[in-house]
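Here is the naming used below: chain letters follow the sequence lines, and residue numbers restart at 1 for every chain.
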Amino acid sequence: MTTAARNALLEVRELSVSYGDNVVVDKLSFAIHASEALSLAGESGSGKSQTALAIMGLLPPNAKVSGEVLFEGRNLLGAGNTLLNEYRARRMAMVFQDPMAALNPYVTIGNQLRRILLNHGLADGAEATRRALAMLKRVGLPDAERQYRAYPHELSGGMRQRALIASALIAEPQLLIADEPTTALDVTVQAQILQLIAELRRENNIALLLITHDLGVVWTNSERLMVIDKGRLIEQGATREVLANPSQPRTVQMVTAAGGFLSASAPRQATSPDGRPKELLEVKNLTVTFTERTGGRRKRLHAVQDISLSIRPGETVAIVGESGSGKSSLARAVVGLLPEAAGTVSLLGTNLHRMVGSRTKSIRRQMQMVFQDPVASLDPAMSTGSIIAEPLLVHEPSMSRAGRERAVAEMLVRVGLTADLKVRYAHELSGGQAQRVAIARALIMKPAILICDEAVAALDSSVRQEILGLLQAEQQRSSLSLLVITHDLSVVQQMSHRVMIMYMGRLIEMTGSHELFRRPRHPYTRLLLDSVPLARRSRAADLAAATGEPASILNPPAGCVFHPRCAHMIDRCREESPQLEHTGTGAVACHRAAELDLSS
Amino acid sequence: MLRYALMRVVGAIPTLFLVVLVAFIMVRAAPGGPFDTDRVLPAEVAANIERAYHLDEPLPQQFRRYLTGVLRGDFGPSFRYSDYSVAELIRGALPVSVKLGVLAMALALCAGISAGLVAALRRNTLTDRVVSAIAMTGVSVPVIVIAPLLVLFFAVQLGWLPAGWSSSGGGSRWIMPIIALALPQIGFIARITRSSMIEVLESEFIRTARAQGLATATIVRYHAMKPALLPLLSYLGPAIAGIVTGAIVVEQIFGIPGLGRLFVQGAQNRDFTLVLGLVILYATVIILLNLVVDLLYGVLDPRVRRT
Amino acid sequence: MSGRAALLLFANAARSNRVLVASVVTIMLLAVVAIVGPLLSPHSHITTNLDARLLAPTLSSWHLFGTDDLGRDLFVRTLAGAQVTLLVAIVASAVSLLIGVTYGAVAGFFGGAVDAVMMRLVDVLYALPFTFFVILLMVVFERSLLLVFIAIGAVNWLDMARIVRGQTLSLKEREFVQAARLIGVSRLAIVLRHITPNLLGTVIVYVTLTIPQAILMESFLSFLGLGVQEPDASLGTLVNAGAGHMEQASWMLLAPATLLALILFCFNFLGDGLRDLTDPRKQK
């Protein structure tokens with residue numbers, strides 16, 4: 001290590017960061033050589049971002065640090081701003097997670113870039129403008145002259161991240177630290193940004209320190225991988241080897257969560273028992289229309305457009321889409337929380353009222369929901385025990401107090417918690433515990449169907465596996481049906497029998513889970529699959545450059561809504577919106593479905 | 001943007017109309033007429049007076065007459081100083097009040113913003129604590145306390161400054177009134193500036209700027225100043241209202257012949273037309289200045305501008 | 001921020017925020033002194049004594065703060081003024097609690113057209129420069145303490161209504177309220193069990209923050225002679241009288257001025273402290 005470290009670009013020795021008694025980084029050592037890419041992976045709270053901030057000298061003043069951060073042999077840890085500013089931007093630069101927050105909303109993109117050159121004395125007026133504009137072009141901003149004068153809020157999420165990357169690279173640093181650079185982005189956009197970082201790195205021989213919780217993104221972007229947990233290194237090695245043979249349980253969980261599924265277990269087959277009533281839930285022609293006000297003008301937007309679906313008892317159906325696809329509106333409309341919905345929803349053959357408030361009690365208890373943010377879904381003023389008991393108060397008012405307490409205690413144990421947790425309040429629970437309590441509140445109603453709206457999206461990968469396992473166990477136990485709303489294909493892979501893909505409020509493909517991964521029919525589905533980095537390794541070809549981002553739902557493109565981003569677009573797609581055509585096991589809405597072969 | 005501005009301007013008209021209407025009705029609903037005195041007037045004289053002031057007309061007609069007058073800048077004759085019209089009285093008192101208010105506002109903005117910025121940039125130091133303590137004093141001690149205390153110390157005890165409004169003129173007579181009027185606003189402005197600057201300095205885009213190796217002075221001037229000072233805009237409305245009401249007290253204590261003193265005299269003499277006219281004037285000024293502040297927000301904040 | 005969490009925080013405050021605790025204690029002490037003090041003193045706040053005019057503060061005849069130009073005892077008069085000030089604080093809080101919280105909660109919970117109409121009214125009232133209307137009110141009607149309270153009450157609930165409405169709107173959209181609706185909890189039970197307890201922290205903070213404004217308004221009106229009338233006393237009238245006699249009898253100004261400033265300091269510190277306590281950004 002020491003000989004290798006001698007000509008390292010950056011060497012971190014025994015770095016420790018603590019706040020009071022809380023040690024967040026514990027004697028971490030590693031080195032990065034020129035033009036090498038190293039990934040630092042870990043779950044939230046593992047200390048990975050603190051490490052990055054420590055290298056850049058950006059920790060808050062109350063952080064205590066020790067150890068050394070050597071950049072080309074010079075120790076920067078604890079150095080003053082004057083010294084650090086010689087290194088920042090010009091030798092090492094950083095890209096942050098949330099580009100909206102990381103860019104100044106009051107300064108145009110161009111000026112934010114220009115200012116870096118001016119401040120470091122790298123260029124004067126006209127030259128700085130020219131270089132800033134050139135940099136924006138290099139990170140692939142379409143119409144760069146216009147974006148140069150734009151404010152951050154006028155750009156889409158992916159464009160903002162491109163601009164932020166441009167600002168990091170404009171002073172030609174030797175090392176780029178990227179802290180969760182794609183976490184705030186949609187999966188298809190995520191793939192584009194990762195590809196951009198890889199290209200720029202190759203072109204300019206930049207070393208990369210990639211900080212991430214998502215092992216998927218390390219695959220194409222780094223040669224070496226370090227996994228840290230609670231501030232300590234737990235596993236390291238060549239990226240491919242660690243991903244193929246993870247030795248630590250924590251790493252295994254992270255690999256599974258990242259969608260390392262093509263080599264893992266096969267997708268679930270529909271195990272729906274025969275002889276039961278065929279359809280449990282039937283949704284017909286559901287449409288959700290919002291009225292949006294922009295600049296004093298009212299505009300109607302279709303968050304969900306004419307979607308029909310059905311679920312059998314014991315079946316899991318996944319609805320997949322990126323942000324803005326309308327998948328959450330669909331879920332809320334089905335359970336009766338959206339007054340803006342039209343269409344019919346029937347459960348067990350009974351046609352339901354549109355709003356949950358006007359449905360009968362016996363129907364209401366059959367359909368429950370688990371939300372994305374576990375802490376927000378628990379009343380902060382109530383204890384866990386009273387939260388789980390509340391459904392009993394409503395639906396079984398005759399039950400005795402002791403009976404309720406017994407039922408609550410049983411339920412806590414059933415969802416994998418201990419009964420003494422009933423006195424805790426939501427803010428005293430971890431995310432995983434809170435989500436278990438939310439599931440317990442739903443299950444105590446003995447529902448026939450549970451709707452999970454991104455129920456594991458906010459959880460760390462280890463906790464996510466446990467929650468998914470809990471849901472599956474409940475399904476085995478009582479042939480509970482699940483409607484799983486997610487953006488995450490690994491959740492689809494693990495949980496669902498059938499999948500529905502949504503794009504801009506429309507249903508574009510419906511298929512069995514198995515077929516989805518083997519033989520996608522819609523180009524957008526193909527794009528989604530290709531955007532999961534770990535899935536990509538099975539394809540020989542590199543990701544066909546997926547361009548663009550979903551259009552604004554306020555201004556849907558004419559014809560097929562996906563056509564501006566579609567690699568297989570023909571003239572007809574521009575004019576005519578494709579109908580959903582049923583084909584054997586599934587359905588697809590694409591003019592070219594019959595002729596295209598998109599299988600893996 | 002232009003459309004937005006136009007909508008806001010048009011939106012202010014009903015409010016102004018409402019002000020005139022409510023104020024007018026309140027005055028007319030008063031128990032006892034303006035000319036009720038201890039002396040009982042002969043019926044004929046009373047009728048003559050009523051006719052002269054159009055008090056014998058039905059109320060809607062009186063209002064219409066009054067409203068058209070106001071639109072032409074005519075607030076009718078004063079009920080007490082019958083030789084003068086309300087407009088003449090206002091015109092006489094306006095310049096000194098405007099000068100006092102503008103100077104106090106300027107002082108409040110300069111001192112408040114600089115104090116707030118210094119405190120934010122030297123957070124948790126002695127400087128910060130001293131500034132915060134002074135700002136809290138400004139916020140907590142009302143004008144009716146500050147103004148007489150200033151007179152007590154600097155005029156009565158030390159004799160450095162004139163206690164009243166010496167007719168001989170001179171700049172020194174302005175010092176205490178301006179300070180008394182500005183102090184509470186300095187307190188509010190310094191507190192707002194400080195907390196907003198601290199919030200901006202902790203934001204992620206400032207961290208980005210630091211990661212870009214920008215010098216601290218550049219970061220403050222180039223990245224932090226505008227977002228830190230924008231929240232102050234929405235305080236300008238209340239600040240203007242505070243200065244205008246504060247001026248009523250200050251003019252009273254220092255004997256300044258401005259609108260405030262005219263207002264208090266009118267109030268104490270139950271000079272209805274004078275008070276009515278002044279209320280409408282004050283309300284108009286405050287509503288229009290609020291409108292200007294709103295439009296300014298639209299110009300300065302890029303996120304408001306384009307939506 | 002729930003009621004229980006609020007109570008816990010306020011208990012913790014005793015350790016973490018000394019200024020806050022000192023303000024509460026001072027306000028309570030002042031209230032006790034303002035009520036008990038006049039009972040213990042041999043003087044009454046309206047009895048004049050032309051033989052004892054403009055006496056400096058003295059222990060001998062129990063004129064602790066001296067006397068005014070009519071020989072009335074200033075200790076008792078100042079405390080009578082403090083009583084008015086504290087009464088204003090109570091009335092202002094009651095009005096913003098009763099009208100403001102109810103109005104805001106109703107608008108926020110029902111939302112839609114009800115909310116739009118109710119909040120449009122608040123916006124219009126907001127745009128009116130109330131101080132001048134209050135003065136106008138004082139000019140045309142018989143001046144009385146009751147009128148002062150009505151005037152203050154008319155303005156004071158607006159802020160509270162806006163804040164409670166905003167909070168209710170955001171609470172209503174929170175997942176835990178949606179979960180309660182899916183369970184089948186009735187509308188009334190949702191308001192009582194899930195929304196009200198979560199409003200408590202905010203309401204407490206904003207009640208405290210509106211008190212200084214109400215006190216300022218009363219003292220301002222009384223100072224101008226448009227509020228509390230002679231021979232009754234308010235800190236505003238006393239400061240005005242003191243300002244007129246400061247050259248011969250500075251105590252006439254200093255006693256009420258200091259007390260008024262002290263009360264305002266305490267309420268401002270209290271409001272600031274409570275807001276910091278409940279501000280999630282300032283919690284560790």
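- Going from atom NE2 of C:His194 over to atom CG of A:Asp379 covers 5.5 Å, rounded to the nearest 0.5 Å.
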Stepwise, does the side chain to side chain contact (heavy atoms under 4.5 Å, CB included) test hold for A:Arg332 with C:Gln178?
-> CA-CA 10 Å; A:Arg332 270 153 220 263; C:Gln178 301 196 335; 2.5 Å; yes
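- Proximity to chain C (any heavy atom under 4.5 Å) is shown, for A:Val335, by both the backbone and the side chain.
- Distance check, rounded to the nearest 0.5 Å: CZ of C:Arg181 to CZ of A:Arg359 gives 10.5 Å.
- Residue A:Phe371 comes nearest to C:Leu182 through the heavy atom pair CZ-CD1, 4.4 Å, listed as atom of the first residue, atom of the second, then distance.
- Rounding to the nearest 0.5 Å places CD1 of C:Ile183 at 6.0 Å from CD of A:Gln368.
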Steps toward side chain to side chain contact (heavy atoms under 4.5 Å, CB included) verdict (A:Glu390, C:Val185) | CA-CA 8 Å; A:Glu390 191 173 22; C:Val185 182; 3.5 Å; yes
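- Counting only heavy atoms from C-beta outward, the side chains of C:Arg174 and A:Pro380 approach each other to under 4.5 Å.
- For a residue to count as touching a neighbouring chain, one of its non-hydrogen atoms must lie under 4.5 Å from one of that chain's; by this rule A:Arg365 does not touch chain C.
- Looking at C:Arg187, neither its backbone nor its side chain comes within 4.5 Å of chain A, counting heavy atoms on both sides.
- Across C:Ala179 and A:Ser377, no two heavy atoms sit closer than the pair CB-O, 4.5 Å.
- Around atom CE of A:Met355, more than 12 heavy atoms belonging to other residues, nucleotides or ligands sit under 6.0 Å away.
- With chain A as partner, the option from C:Gly184, C:Ala180, C:Ala189, C:Ser186 having the largest number of non-hydrogen pairs under 4.5 angstrom is C:Gly184.
- Residue A:Met445 touches chain C through its side chain alone, counting heavy-atom pairs closer than 4.5 Å.
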